[in-house]
Amino acid sequence: MFYEVELLREVAVLAENLDRDKLVSSRFIVTRLLEGLLSEKADEDLGYFLAVTGIKRIGKGEVVHNSGDVFFPVVFNCRMFLPCKGEILEGVVDHVHRLGVFLRCGPVKYVFLSARKMPNYRYVVGEKPVFLHDDLARIEKDVVVRFEVFGVRWMRREDITKEFMMLATLQGDLLGPVTGPDGLDL
């Protein structure tokens, strides 16, 4: 689900980035805010940070006495994406395996569509493996697939940065391949 939220972040400006008069431009503060959100990437409760849509207020900076660094409170609007169970989404097939397919959906890198959740599809082995439907619709690498979110899990481990992982299903109406690998509608 896409939505907008108002957030508050403390943006740190190192003392070495202050000018002679101990001032810093609002552009520099916004750049530091964007860098921070880029590295933060996602939040378990809010979802993925997609775009800052507006800066509401940059507060007065507070100096940390022992370092001379300055922290500015910044209030801003941000567009978010939080995957939810039951939601209908589209993803691009990244990898086909006999147990199912792996999709990418926007910022979500890990979407698994199990072969068990693809009714009337069968796995066909070959140089380019594919799942073939009874009506000859194909799910193969680079195909866009409309799916229902079956499950969502927040992952935060040292070897994987903050990510949501999703399980998908094609059990429902109007779900399945939307376009073929050449981009034409099926």
Side-chain angles (χ1 to χ4, degrees), residues 1-95 100-114 142 144-169 175 178-179:
M1 145 174 66
F2 293 96
Y3 66 101
E4 285 211 18
V5 64
E6 183 176 289
L7 297 171
L8 167 69
R9 289 290 191 275
E10 294 285 331
V11 176
V13 176
L14 302 177
E16 61 199 39
N17 293 320
L18 299 172
D19 68 10
R20 219 177 316 142
D21 299 323
K22 304 230 189 251
L23 297 175
V24 65
S25 71
S26 58
R27 175 181 234 149
F28 185 80
I29 295 170
V30 171
T31 301
R32 292 294 310 241
L33 171 69
L34 293 173
E35 289 169 352
L37 290 176
L38 183 61
S39 67
E40 192 174 346
K41 189 177 181 177
D43 179 273
E44 182 176 8
D45 298 321
L46 299 173
Y48 289 94
F49 302 104
L50 296 181
V52 172
T53 57
I55 303 294
K56 289 208 156 190
R57 183 176 58 257
I58 298 175
K60 186 175 179 181
E62 292 185 31
V63 178
V64 177
H65 294 290
N66 55 352
S67 69
D69 297 341
V70 182
F71 286 85
F72 292 89
V74 179
V75 178
F76 61 98
N77 290 334
C78 189
R79 183 159 298 126
M80 308 295 294
F81 172 65
L82 180 64
C84 300
K85 184 177 178 179
E87 188 171 21
I88 305 296
L89 297 172
E90 291 181 357
V92 178
V93 176
D94 192 46
H95 182 73
V101 297
F102 292 91
L103 305 152
R104 296 176 76 90
C105 176
V108 183
K109 295 179 185 176
Y110 307 104
V111 180
F112 181 65
L113 173 58
S114 170
D142 297 327
V144 176
V145 176
R146 184 175 297 123
F147 63 90
E148 180 179 343
V149 178
F150 180 72
V152 179
R153 184 172 188 179
W154 170 253
M155 299 297 292
R156 182 177 179 155
R157 296 189 317 216
E158 292 155 21
D159 59 329
I160 297 178
T161 57
K162 302 174 190 177
E163 290 282 345
F164 285 95
M165 298 177 78
M166 293 191 300
L167 295 176
T169 181
L175 302 177
V178 177
T179 62

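All figures in this text were calculated on a predicted structure; none of them were measured in a lab.
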When you compare the side chain of Tyr3 with that of Arg79, does any pair of heavy atoms fall below 4.5 Å? no
Nearest heavy-atom contact between Glu44 and Leu82 is O-CD1, 4.2 Å
How long is the gap from CG on Leu175 to CD1 on Ile88, to the nearest 0.5 Å? 5.0 Å
Residues in ring-ring contact (aromatic ring centres under 6.0 Å, His included) contact with Phe112, at least two apart in sequence or another chain: Phe102
With a 4.5 Å heavy-atom cut-off, do Val11 and Phe71 have their side chains touching? no
Hey, does Val30 have a side-chain heavy atom less than 4.5 Å from the side chain of Ile55? yes
Between OG on residue Ser26 and CZ on residue Phe72, distance to nearest 0.5 Å: 10.0 Å
Pairs involving residues 46-67, ordered by first then second residue, that meet salt bridge (charged side-chain N to carboxylate O under 4.0 Å, His left out) (sequence neighbours left out): Glu6-Lys56
Does any non-hydrogen side-chain atom of Phe76 lie less than 4.5 Å from one of Leu8? no
Could you grab the distance from atom CG of Leu89 to atom SG of Cys84, nearest 0.5 Å is fine? 9.0 Å
Side chain of Tyr48, backbone of Phe164: donor and acceptor closer than 3.5 Å? yes
Ala168 and Val111 have their tightest heavy-atom pair at CB-CG1, 4.0 Å
Rounding to 0.5 Å, atoms CE (Met80) and CG (Asp43) come to a distance of 6.5 Å
Can you list the residues that meet the side-chain contact (heavy atoms from CB on, under 4.5 Å) rule with Glu40, with sequence neighbours excluded? Arg9, Leu37, Phe49, Lys162
Applying salt bridge (charged side-chain N to carboxylate O under 4.0 Å, His left out) to Glu148 and Lys85, what does each step give before you reach the verdict? CA-CA 8 Å; Glu148 180 179 343; Lys85 184 177 178 179; over 6 Å; no
Show the nearest heavy-atom pair for residues Leu7 and Cys78, with the distance to one decimal. CD1-CB, 4.0 Å
